[in-house]
Amino acid sequence: MTEKKRISVSDLRSQRWFAAPGQPGNHKSYRTKQMGYAGEDFRDKPVIGIINTWSELASCHTHFPQRVEDVKRGVWQAGGFPVELPALSVSESYVRPSTLIYRNLLAMDTEEILRSHPVDGAVLMGGCDKTTPALLMGTASMNIPAIFVPAGAMLSGHFRGRRNLGTGSSTWAALADFRAGKIDEKTWRAFGEGTARSPGTCNTMGTASTMTSLVDVLGMSLPGASSIPAVDSTHSQMASLAGRRIVEMVWEDLRPRDIVSRASFLNAVVADMALSGSTNSLIHLIAMARRLEIALSLDDFSTAAEAVPVVCNLQPSGKYLMEDFYYAGGLRALLSVIRDQLDLSCLTVTGRSLGEEIEGAAPYDSDVIRPLDNPVYAAGGLVVLKGNLAPRGAVLKRAAASPQLLKHTGPAIVFPNFKEMLAHIDDPDLDVTPDSVLVLQDAGPIGAPGMPEWGMLPIPKKLLAQGVRDMVRISDARMSGTSYGTCILHVCPESRVGGPLALVRTGDLIRLDTDARSLDLLITEEEFAQRRADWTPPPPHYQRGYGALFSEHVLQADEGCDLDFLAKPGMTPDPEAGFS
Ligand code: FES
């Protein structure tokens with residue numbers, strides 16, 4: 001057995017600040033007294049930065065103030081010195097115009113907080129959609145020992161005797177009923193309130209639970225942590241254990257680049273298919289991989305989509321919610337079902353392999369986590385489409401789409417932007433039938449801006465009244481992980497940069513063939529060329545500020561929508577002794 005690597009006190013990064021005799025930074029150690037700490041509280045101990053994305057407008061992270069105390073307890077117990085470092089709070093519920101814009105700012109914030117402070121290791125506290133990839137992206141670039149503490153999902157929704165109401169998924173269905181005149185606004189609002197049960201992230205397999213699960217698969221949180229409900233007492237225990245473990249990780253010098261490999265990412269892609277995870281996961285996983293200089297592309301998702309069935313029976317593709325998933329054994333149980341498709345030698349933050357960490361795990365409920373011979377869906381939940389309308393790809397959540405629409409040709413109804421769509425979608429004179437294909441332009445990373453979750457375009461009221469609940473919808477936007485329907489998303493390149501989506505006109509025929517993985521605009525090459533020559537880009541949204549920085553540097557969806565100068569490899573100097 002090989003000896004585990006151990007570093008010594010003099011190797012601690014924080015010692016450059018706290019214990020460099022004769023160096024200008026040395027005097028800073030006495031300023032800890034201002035905070036009420038005696039020398040022995042921090043001397044010769046690893047400093048653990050707790051990066052907290054809590055705020056009073058981050059509703060999913062309401063419980064983080066207590067969890068920070070839980071983490072600190074663990075850090076103290078293990079002989080570390082915990083310090084809470086607040087980071088940008090990116091609440092999916094309240095941040096506008098799009099949280100994707102601020103994912104990149106939080107990633108930069110995380111990296112620079114860690115770089116500029118005397119920190120030896122980090123506990124990353126996130127969960128609401130973009131916070132998870134952002135924290136991981138920043139930490140990957142910084143590459144210091146780190147462990148992710150997921151917020152955990154909220155409790156299952158209840159309303160007037162109905163159980164299993166999913167945040168988002170059930171609310172979208174109720175919204176369609178409200179728009180169709182089947183329920184009144186008061187009932188719809190009460191329905192929404194019934195899904196907001198407790199602190200914690202959305203309780204479906206939406207973006208939050210997908211991303212926390214995938215980070216768990218990558219080995220960056222305590223195994224199985226992502227499945228624990230936010231308000232379960234086990235969640236506090238998990239936070240405390242994470243605090244203890246990160247101190248050991250510092251002494252072992254166990255860093256993200258030691259833990260996460262291309263094989264780990266391929267495991268995450270496989271799990272994503274089995275979970276029928278959020279379409280947002282493609283963007284986030286690619287962005288995270290690029291920060292670690294690991295190649296990951298849409299083709300990797302395409303390959304897995306053929307080989308891995310959906311075995312997780314959670315909304316929006318299935319029936320149950322995250323609380324049920326936890327009681328059914330959670331992520332470790334799910335991974336045990338698909339273990340033959342995983343590289344079990346991949347490492348985790350525990351220092352043990354994924355295979356060791358799922359040893360003995362098995363589902364307790366074979367309807368929530370299905371066996372391979374009785375899947376929810378025989379193939380992977382997500383499918384990548386390509387064609388003359390999406391030369392660099394588009395994505396469809398096949399498992400949450402209508403089977404009869406997976407092969408469909410219909411005439412386009414084009415909305416040049418979101419505002420126009422809202423103004424005309426319910427127009428009684430709109431020439432729309434259930435066979436029409438709704439197309440939204442200018443909703444991509446630069447266009448909208450920030451690629452908002454507008455991809456589940458509303459069904460026109462006059463069709464809702466006829467009982468229509470799904471149509472083929474196409475955009476360069478994203479879609480909430482809690483959404484469903486035959487919505488083709490992330491069309492790349494986006495229309496704002498002259499992608500083919502910008503050239504579609506009302507009445508054009510569009511052909512979707514999911515089996516063939518194709519999405520095509522049925523016009524001639526000559527017509528395509530003429531429209532391309534006639535196209536002019538709209539003026540930019542931003543003249544200055546972060547919005548301008550984002551728009552000038554954001555990469556397209558197939559490259560993860562990171563900022564180009566953050567995604568590229570290269571070294572950033574770490575502050576040396578005396579650097580202040
Ligand atoms: Fe925070 Fe859904 S709004 S996870």
Side-chain angles (χ1 to χ4, degrees), residues 52-65 67 87-103 106 124-136 148-157 164-175 191-216 221 225-232 235 275-281 283-284 314-317 321-323 325-326 331 397 400 450-456 477-484:
N52 190 0
T53 52
W54 174 87
S55 82
E56 290 190 341
L57 277 176
S59 53
C60 304
H61 296 176
T62 303
H63 55 314
F64 272 6
R67 291 300 174 275
L88 185 70
S89 173
V90 184
S91 163
E92 201 64 31
S93 300
Y94 296 115
V95 167
R96 300 288 182 272
S98 156
T99 49
L100 184 68
I101 297 179
Y102 295 102
R103 180 200 69 174
L106 173 57
L124 312 170
M125 301 199 55
C128 192
D129 294 19
K130 309 302 179 295
T131 58
T132 302
L135 289 166
L136 269 293
F148 179 68
V149 170
M154 71 173 85
L155 298 175
S156 301
N164 264 17
L165 294 186
T167 28
S169 304
S170 301
T171 324
W172 303 128
L175 178 61
F191 196 100
E193 286 159 13
T195 67
R197 285 289 315 290
S198 72
T201 50
C202 290
N203 56 22
T204 56
M205 190 47 74
T207 304
S209 294
T210 301
M211 291 313 302
T212 55
S213 298
L214 299 185
V215 166
D216 202 329
S221 55
S226 59
S227 308
I228 305 172
V231 294
D232 195 291
H235 199 272
L275 291 166
S276 189
S278 163
T279 47
N280 282 314
S281 62
I283 290 175
H284 297 321
L314 260 60
Q315 296 179 31
S317 300
L321 296 170
M322 284 301 291
E323 209 184 328
F325 187 58
Y326 180 56
L331 184 74
K397 191 166 193 171
M451 209 180 175
E453 294 183 337
W454 294 338
M456 190 173 77
R478 292 175 298 116
M479 174 173 92
S480 164
T482 63
S483 297
Y484 53 85

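Note that the structure is predicted; figures quoted are calculated from it, not measured. Counting starts at 1 for both ligands and their atoms, following the listed order.
Closest of all the heavy-atom pairs between Asn280 and Met479 is ND2-O, 3.3 Å. When all heavy atoms are compared, the tightest approach of Ser276 to Ser317 is OG-OG, 2.7 Å. Between Met205 and Ser213, the closest heavy-atom pair is CE-OG, 4.2 Å.
Every atom of ligand 1 with a heavy atom of Thr201 under 4.0 Å away is listed here by number and element: 4 (S). Residue-ligand proximity, Ser93 to ligand 1, at heavy-atom distances under 4.0 Å covers atoms 3 (S). Less than 4.0 angstrom separates some heavy atom of Ala208 from each of these atoms of ligand 1: 4 (S). The distance from ligand 1 to the heavy atoms of Asp129 drops below 4.0 Å at these ligand atoms: 2 (Fe), 4 (S). Near Glu92, with a cut-off below 4.0 Å to any heavy atom, the atoms of ligand 1 are 3 (S).
Side chain to side chain, His284 and Arg103 meet the donor-acceptor criterion of an N or O pair below 3.5 Å. A donor-acceptor pair shorter than 3.5 Å cannot be found between the side chains of Thr210 and Ser278.
Note on ligand 1: Gly206 sits outside its first shell, no heavy atom being nearer than 4.0 Å.
Put simply, the angle at atom 1 (Fe) of ligand 1 from SG in Cys60 to SG in Cys128 is close to 110°, to the nearest 10°.
Contact of the Glu453 side chain with the Glu92 side chain is registered, since non-hydrogen atoms from C-beta on lie closer than 4.5 Å.
Counting heavy atoms closer than 4.0 Å to ligand 1, residue Cys202 contributes atoms from both its backbone and its side chain.
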